[in-house]
Amino acid sequence: MQLRPWNTRLKGRIRPPSDKSITHRGVLFSALAKGVSEIKDPLDSLDTAASLAVIQNLGVKLIERTATHWVLKSPGYQDLEEPRTIIDCLNSGTTMRLTTGLLAGTPFLTVLSGDDSLRERPMARVMDPLRALGIDIRGRQGGKAPLVVQGGPHRGGVSRLSVASAQVKSALILAGLSADAPLTIHELLPTRDHTERLLKAMGASIEVQSKTITVAPGPVMPYTVAVPGDPSSAAYWAALASLLEDSELLVEGVSLNPGRIGFYQLLQDMGAHVEFRVIQKSPEPIGDIRIGWAPLHGVVVDADIVPGLIDELPLIALLAAHAKGDTVVSGAGELRVKETDRIRATTDNLRSLGVEIEEHADGFSVKGGQRLCGGVVKAMGDHRIAMMLAIAATVASGPVVLEGAEAMEISYPEFFRDYWRFADE
Ligand code: S3P
């Protein structure tokens, strides 16, 4: 697909697609509670289809499905069924990792697999702490999927996580619900807490003290969850508004979860005008974000703030090329084990567009004050790389050929509808 530079500014508003992380949890957690759970405004995308496949294979029925409403009926955790086939988690790390914890107490065998990318992603990070609780879970050499989980009785106790990952933390919390005693989990750094919030709303006993979470075993109740907009999907438009002079954008109805807004806070640090308006505080903080263009300057990003903007770091690289002064990102080695190696994908692609950018083991550094040129870029099967490159094309000096744009189906199937709408306004 060929994309041409824009010579407009961006003025307008957007309600981004519904949040991917919250939709995954809404779907998967329905299996825990006997009865009918509802998801309002779910994200309907390839990634969340993987979570739907998981629960349907476990005997949960999708009894109503409209564009704005999914209604799920579970027989209850004790009466889930043994899947008769291998479950395909497609491209979704969230589906696979959360499901391992969900299955911890099920007295049957489940096999989880996925696409070529997912089968290369690290799963030892969930397998090792789950095994330490006595759960029988195996994978291929080196801790890769397919994974085989034989759930059953297991211990609580203490679990110290070795990576800062909401997916791993969530798997452990879910395993704690079916353990024989409370489980205390120590996180390395605070990460998004959608799991804690939703399970609490379902009646689970979960106590959180900064990076320590204690979950008591016990049943939970069905729920209705209203999914807010996805701040990670909205970030593409916020970046665009920060690149095109005199732009102003209102992002409406997004999750303002403290573990998700690091990108917007960094944008503010880089000089953009950013205002948050909280409309609802619980169970999830939800509100609007206003972004106004202003000249950007380079920044330093280190490990402490990485979990709060992990999915937005490719966009930071693009913004940094435009900013005044240099930017250095470190402590972001996790990017190498996402849907693709996002450090390599970001640096190679931006270099193809003429950007001076250097790759490091755990990050990158970007020279500021650059003008991108046209060229050929590749999504590498990664939705977030594809969207970042489509935004990069708007400020290039010539046409950009984007290969593999279809990867956007993972989290933002309507990306180009919104892209052309903003281009025309
Ligand atoms: C997610 C957590 C993050 C993030 C991913 C979604 C979640 O992954 O990159 O897109 O929903 O919990 P890690 O937990 O592996 O950092």
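Atoms within each ligand, like the ligands themselves, are counted from 1 in listed order.
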Review point. Would you say Tyr264's side chain and Val274's backbone share a donor-acceptor pair under 3.5 angstrom?
Key: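 Answer holds: no.
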Is any NZ, NE, NH1 or NH2 atom of the basic residue among [X] and [Y] found under 4.0 Å from an Asp or Glu carboxylate oxygen of the other?
X      : Y      : value
Asp116 : Arg119 : yes
Arg138 : Asp136 : yes
Glu334 : Arg125 : yes

Practice item. Could I get the full list of ring-ring contact (aromatic ring centres under 6.0 Å, His included) partners for Phe422, not counting sequence neighbours? Key: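 Partners of Phe422 by the ring-ring contact (aromatic ring centres under 6.0 Å, His included) criterion, ordered by chain and then number, come out as Trp237.
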One line per pair, note the atom names and distance for all nitrogen or oxygen contacts under 3.5 Å between ligand 1 and the protein.
unit_1	atom_1	unit_2	atom_2	d
ligand 1	8 (O)	Gln167	NE2	3.4
ligand 1	8 (O)	Lys338	NZ	3.0
ligand 1	9 (O)	Asp311	OD1	2.8
ligand 1	9 (O)	Asp311	OD2	3.3
ligand 1	9 (O)	Lys338	NZ	2.7
ligand 1	10 (O)	Asp311	OD2	2.8
ligand 1	11 (O)	Ser21	OG	2.7
ligand 1	11 (O)	Arg25	NH1	2.9
ligand 1	12 (O)	Arg25	NH2	2.7
ligand 1	14 (O)	Ser165	OG	2.7
ligand 1	14 (O)	Ala166	N	2.9
ligand 1	14 (O)	Gln167	N	2.9
ligand 1	15 (O)	Ser165	OG	3.3
ligand 1	15 (O)	Lys338	NZ	3.4
ligand 1	16 (O)	Lys338	NZ	3.3

Check your understanding: Considering all heavy atoms of both residues, which atom of Phe108 and which atom of Pro83 are nearest to each other, and what is their separation?
Key ->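 In this case the closest contact between Phe108 and Pro83 is CE1-CD, 3.7 Å.
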